[in-house]
Number of protein chains: 4
Amino acid sequence: MLKDKTSISGQPKADTKQAIERAALSLFAERGYPAVSMREIAERVGIRQGGIYNHFASKQALLVQLMEGHMRALLVALDVSVPSGGDPRQRLGEFVRFHVLYHLTQPDDVFIAYMELRSLEPAGLSRLKELRRAYEERLRGILEAGQRLGVFAITDVPVQAMGLIAMLTGVTTWYRDGGRLSRDEVAEIYVTMAMQSLGVEETPTM
Amino acid sequence: MLKDKTSISGQPKADTKQAIERAALSLFAERGYPAVSMREIAERVGIRQGGIYNHFASKQALLVQLMEGHMRALLVALDVSVPSGGDPRQRLGEFVRFHVLYHLTQPDDVFIAYMELRSLEPAGLSRLKELRRAYEERLRGILEAGQRLGVFAITDVPVQAMGLIAMLTGVTTWYRDGGRLSRDEVAEIYVTMAMQSLGVEETPTM
Amino acid sequence: MLKDKTSISGQPKADTKQAIERAALSLFAERGYPAVSMREIAERVGIRQGGIYNHFASKQALLVQLMEGHMRALLVALDVSVPSGGDPRQRLGEFVRFHVLYHLTQPDDVFIAYMELRSLEPAGLSRLKELRRAYEERLRGILEAGQRLGVFAITDVPVQAMGLIAMLTGVTTWYRDGGRLSRDEVAEIYVTMAMQSLGVEETPTM
Amino acid sequence: MLKDKTSISGQPKADTKQAIERAALSLFAERGYPAVSMREIAERVGIRQGGIYNHFASKQALLVQLMEGHMRALLVALDVSVPSGGDPRQRLGEFVRFHVLYHLTQPDDVFIAYMELRSLEPAGLSRLKELRRAYEERLRGILEAGQRLGVFAITDVPVQAMGLIAMLTGVTTWYRDGGRLSRDEVAEIYVTMAMQSLGVEETPTM
DNA sequence: GATGAATGAGCGTTCATTCAT
DNA sequence: AATGAATGAACGCTCATTCAT
């Protein structure tokens with residue numbers, strides 16, 4: 001089974017649809033969904049305005065596709081990077097590392113998924129909220145497990161979870177590649193901050 | 001003869017300009033600057049579209065006024081709530097409390113000031129960036145003081161400052177009045193989280 | 001009887017009305033009536049938009065006042081410069097000199113009176129057309145007199161009259177003060193051209 | 001298979017772009033560029049306002065296209081009607097006839113090209129001025145040739161050229177088809193006037 | 001006489017979308 | 001699949017005008 005649309009003849013089919021998604025992703029992230037026109041997206045792809053409608057039913061459908069695609073990929077990647085079970089401290093470290101690095105790797109997807117919820121019409125909105133909830137649930141699960149085992153000092157799990165996610169996500173607002181710190185160094189700083197915020201003093205060896 | 005239009009009853013004359021600012025503030029915060037039309041703002045104020053231009057030269061000027069006004073007020077309020085000098089741990093607590101409560105009190109101003117930077121044209125942008133920098137500088141000053149005195153365990157002051165601000169600001173993304181926790185309780189939770197993230201175990205009595 | 005509005009106290013009253021006329025005249029001439037806004041006129045005068053309406057009932061009334069005032073002044077000046085009676089060749093020379101010099105002296109009035117007829121609403125238009133006709137009639141009278149006396153070679157008086165006026169008026173499209181020729185020199189060139197176009201070879205001494 | 005959209009019947013497909021140009025031409029000529037709205041142009045064409053922008057980038061671009069198109073066509077037609085070389089008196093006659101008849105045939109193009117220079121933004125203005133200069137240059141060439149040969153009595157070639165053009169162009173301000181004189185008769189009157197104004201008494205047989 | 005604020009209409013332009021080709 | 005042309009609605013903004021102060 002072939003992953004892409006390469007035909008047997010080996011002639012690669014112009015994958016306009018993906019090009020549209022890439023263009024829209026970067027433009028939406030940069031300037032926001034309402035500020036981006038279909039014409040701009042088309043121009044970046046190298047087609048005309050109307051051509052987009054051969055691939056997406058509407059601008060809204062394009063947004064939903066981007067957000068839903070991102071969230072599903074994020075959940076899959078999370079489940080790979082942070083398998084269930086094991087020491088909550090280790091799992092928290094993995095979660096923090098995953099979250100920070102994923103956010104630094106795919107900042108556009110992440111930013112859109114958080115910011116453009118308000119641009120969603122009701123149908124798409126409820127699907128997206130559910131996916132976001134599922135992601136946050138993974139962190140709440142880790143915090144609860146650590147609380148049950150007495151390894152985390154947590155005043156309030158839901159608040160702490162939201163606070164942690166906000167803190168971690170904030171990395172995207174200031175980190176720039178090529179600066180003083182590498183992505184991995186930043187991730188480790190955030191791991192330390194997260195651990196400290198939960199009162200963890202020594203992380204078990206991994 | 002009174003200079004301003006305040007009548008003897010103290011009832012100020014209908015101040016259209018302020019009403020426009022209030023309407024624009026809430027609409028921009030809710031749906032974003034590009035998604036809000038001058039017509040909508042005018043409608044909410046109860047005037048016609050063109051009337052706005054008696055008070056603001058352009059939609060952009062209105063945005064700049066909102067953002068700059070907010071940032072200047074924020075800096076003044078910060079200097080009142082967190083005077084310079086004193087124990088850095090105490091000042092950090094004051095900063096966190098101030099930041100969280102201010103953000104919960106004026107969530108719209110705060111949100112716009114962070115989110116709509118991308119909607120600013122160059123002239124306004126540079127003024128706003130300077131104001132933001134000045135605010136962040138206050139926190140960096142506290143962290144550096146604590147680091148010098150050895151009361152904070154800080155890997156990297158600028159990163160820690162940005163991480164803290166992002167964490168604190170994140171409170172606006174989930175807190176809703178009337179929920180399980182009061183604003184003050186949430187502020188104290190954030191103070192504790194911030195202290196822990198800096199390795200502070202006991203706060204000095206204030 | 002005092003000509004201006006200087007009061008007995010000697011305090012000169014700000015003659016806003018005339019200032020408005022002057023500003024409107026130059027702006028209408030430069031860019032055309034529809035392209036000029038009441039705000040621009042007011043700005044040039046140093047008052048606010050609404051202030052104009054203390055002096056003129058409407059933008060249209062302002063235009064009519066300018067055009068009618070100009071045409072009446074033009075007719076008066078013509079009758080002074082080119083009195084009736086006398087040799088048609090001499091009177092033609094006087095007419096040409098008057099027309100060219102008046103057009104070079106008051107190019108804005110002249111231009112508006114010809115160009116902005118189309119901006120007039122019916123009431124003003126018929127009054128202005130009558131005034132224009134009266135002016136052209138003066139030239140036709142001269143041409144007819146010369147034709148009767150056999151001193152002008154004219155194929156068709158009305159055509160010749162319109163052609164002459166168009167030729168003379170055209171001086172405004174190219175003449176600039178400070179150039180190679182003085183106004184008087186240009187006027188004499190036009191006199192010669194006009195004479196030649198009527199087959200006059202020697203002008204009687206004046 | 002045919003390259004263009006001309007069907008076998010020869011009936012060309014409804015050419016909206018040309019229809020827009022025609023509508024704009026007549027409206028601009030009638031009321032002036034600033035007084036005409038895109039809505040009016042579209043209405044006359046039978047499309048909606050926005051549809052114009054499929055053919056012209058802006059109202060200004062539409063004006064430039066009209067003016068530039070006219071001037072280029074005028075120059076081509078002139079070079080056909082008045083070939084270089086030959087007796088300057090004959091060429092002058094041809095020029096006058098051409099100018100008058102072209103102006104009576106295409107009065108709208110002509111009027112716009114002279115009147116709406118002030119509505120042009122700088123880029124278009126300089127292109128148009130160059131085209132106008134090229135046209136006037138043709139007449140100056142004829143006058144200079146006649147002056148050199150001693151067949152024209154000219155005080156000043158540039159002034160005479162501008163004066164002649166103004167006189168000839170003025171025909172559009174009064175001539176109406178169906179009046180007492182045919183276009184050709186009017187043209188011959190202007191030829192005679194032009195010749196007389198240059199002191200030419202007998203035109204060589206052509 | 002002048003102002004500041006308002007209005008209703010209209011401006012040039014752009015928008016997302018449709019559809020015959 | 002893509003285009004060119006169209007649409008109807010909306011955009012930010014300016015217009016001439018009015019009027020209470």
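Each chain gets a letter, A, B and so on, in the order the sequences are listed, and its residues count up from 1. When reading the values below, keep in mind they use all heavy atoms of this one structure, side chains included, and skip hydrogens, waters and symmetry mates.
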Exercise. Using the closest heavy atom to pick a nucleotide of DNA chain E for each, name whichever of A:Ser58 or D:Lys59 lands nearer the 5' end.
Key: D:Lys59
Quiz item: Should A:Arg22 and A:Val45 be marked as a side chain to side chain contact (heavy atoms under 4.5 Å, CB included) after you check the CA-CA gap, both sets of side-chain angles, and the distance that decides it?
Solution: CA-CA 9 Å; A:Arg22 270 195 299 268; A:Val45 174; over 6 Å; no
Exercise. Taking the side chain as every heavy atom from C-beta outward, state whether B:His70 and B:Asp108 have any atom pair closer than 4.5 Å.
Key: no
Exercise. Please report the shortest heavy-atom distance between A:Ser26 and A:Arg44, naming the atom on each side.
Key: OG-NH1, 2.7 Å
Self-check item: For DNA chain F, stems built from three or more consecutive Watson-Crick or G-U wobble pairs below 3.5 Å
Solution: E:2-21 with F:2-21
Self-check item: Length of the CG-C1' vector between D:Asn54 and E:dT18, whole Å
Solution: 13 Å
Quiz item: Is it true that a side-chain atom of A:Lys17 and a backbone atom of A:Phe56 form a donor plus acceptor pair closer than 3.5 Å?
Solution: no
Exercise. Ignoring hydrogens and angles, answer whether the base of F:dT3 and the side-chain atoms of A:Gln49 contain a donor-acceptor pair closer than 3.5 Å.
Key: no
Quiz item: Considering residues at least two apart in sequence or located in another chain, which fulfil the side-chain contact (heavy atoms from CB on, under 4.5 Å) criterion with C:Glu116?
Solution: C:Tyr33, C:Pro34, C:Leu63, C:Met67, C:Ile112, C:Ser119, D:Arg118
Practice problem: Would you indicate, yes or no, if E:dG4 has its OP1 or OP2 atom less than 4.0 angstrom from a side-chain nitrogen or oxygen of B:His55? | Solution: no
Practice problem: Please work out which residues in residues 23-48 of chain C have a non-hydrogen atom less than 4.0 Å from an atom of DNA chain E and list them by number. | Solution: C:Ile47, C:Arg48
Quiz item: Rounded to whole angstroms, how far apart are CG on C:Leu62 and C1' on F:dA16?
Solution: 12 Å
Quiz item: Can you check the A:Gln18 CD to F:dA1 C1' distance for me, whole Å?
Solution: 17 Å
Exercise. Search all heavy atoms of C:Ala61 against all heavy atoms of C:Ser58 and return the closest pair with its distance.
Key: N-OG, 3.0 Å
Quiz item: Can you check the C:Phe56 CZ to F:dT18 P distance for me, whole Å?
Solution: 15 Å
Quiz item: Where do D:Arg31 and D:Glu40 land on the salt bridge (Lys or Arg N to Asp or Glu O under 4.0 Å) test, with the steps shown first?
Solution: CA-CA 12 Å; D:Arg31 304 215 307 280; D:Glu40 288 172 282; 2.2 Å; yes
Practice problem: Round to a whole Å and report the spacing from NZ of D:Lys17 to C1' of F:dG4. | Solution: 13 Å
Self-check item: Side chain to side chain, A:Asn54 and A:Thr16, heavy atoms closer than 4.5 Å
Solution: no
Quiz item: Closer to the 5' end of DNA chain F via nearest nucleotide, is it B:Tyr53 or C:Gly50?
Solution: B:Tyr53
Self-check item: N-O pairing of C:Glu68 and C:Arg72 below 4.0 Å
Solution: yes
Quiz item: Looking only at side-chain N and O atoms, does B:Thr16 come under 4.0 Å of OP1 or OP2 in E:dA6?
Solution: yes
Exercise. Measure from CD1 on D:Ile52 to C1' on F:dT7 and round the result to the nearest Å.
Key: 13 Å
